[in-house]
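Quick notes on the structure that follows.
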Amino acid sequence: MKTSTIILSTSALLSFIGSYFLDLTLDNADQFLSIACVVLLDGVFGIMAGIKREGFKTYKALSVLRTVVIWWVLLGVILTVEKSFAGTAWLSETVVVPFLLFQIISALKNASMAGFIKIDLLNKILDKIDKHKGLRN
């Protein structure tokens, strides 16, 4: 009797948590997908650049998946806070958007190092991003 009550209580709690995060993920699938796309894009170009320079490194390739999972967990926590407290709808944009911008810049640099983007084009792109720093020589 006592064991079945513990099992039922635990399964009900885990079901509640699982369904909550499933609903949260489905409501914000575009944000989770954008994180995955940007990190995987950067990771693929980084792996290609790494193969070109030093050969394939498994631990570096696995770090791409670790980064996706960490940012998904962080986004899940941020979205939970946004959903729980009124007036915090700005939180995910404030935390996640700068990360995505840095990852996109990193993907551009990795694509250049892998040979997909010429260094002159990369410098033009980076100059347009950082106009306040002036042009590169």
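None of these values were measured; they are calculated from a predicted model.
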Between [X] and [Y], which heavy-atom pair has the shortest distance, and what is it?
{"X": "Ala114", "Y": "Met48", "value": "CB-CB, 3.9 Å"}
{"X": "Thr88", "Y": "Val81", "value": "OG1-O, 3.4 Å"}
{"X": "Met113", "Y": "Ala49", "value": "CB-CB, 3.8 Å"}
{"X": "Thr80", "Y": "Tyr20", "value": "CG2-OH, 3.6 Å"}
{"X": "Ile35", "Y": "Phe99", "value": "CG2-CE2, 4.4 Å"}
{"X": "Glu93", "Y": "Pro98", "value": "O-CD, 3.6 Å"}

How would you list, by chain and number, every residue that makes a side-chain hydrogen bond (donor to acceptor under 3.5 Å, both in side chains) with [X], sequence neighbours excluded?
{"X": "Glu82", "answer": "Ser92"}
{"X": "Asp42", "answer": "Gln103, Ser106, Asn110"}
{"X": "Ser112", "answer": "none"}

Can you confirm whether Lys109 is buried at NZ, in the sense that more than 12 heavy atoms of other residues, nucleotides or ligands lie under 6.0 Å from that atom? no
Please say yes or no: joined through hydrophobic side-chain contacts below 4.5 Å, possibly via intermediate residues, are [X] and [Y] part of one cluster?
{"X": "Val39", "Y": "Trp72", "result": "yes"}
{"X": "Leu41", "Y": "Trp71", "result": "no"}
{"X": "Leu91", "Y": "Phe85", "result": "yes"}
{"X": "Val95", "Y": "Val38", "result": "yes"}
{"X": "Val73", "Y": "Val96", "result": "no"}

If you measure from [atom1] on [X] to [atom2] on [Y], what distance do you get to the nearest 0.5 Å?
{"X": "Leu26", "Y": "Leu22", "atom1": "CG", "atom2": "CG", "value": "4.5 Å"}
{"X": "Leu8", "Y": "Thr3", "atom1": "CG", "atom2": "OG1", "value": "11.0 Å"}
{"X": "Leu74", "Y": "Ile70", "atom1": "CG", "atom2": "CD1", "value": "9.5 Å"}
{"X": "Leu33", "Y": "Asn28", "atom1": "CG", "atom2": "CG", "value": "12.0 Å"}

Which class fits the ring pair Phe116 and Phe45: parallel under 30°, tilted 30 to 60°, perpendicular over 60°? tilted
With distance as the sole test, does Thr10 use its side chain to make a donor-acceptor pair with the main-chain N or O of Ile7 at under 3.5 Å? no
Ile78 and Gln31, any side-chain heavy atoms less than 4.5 Å apart: no
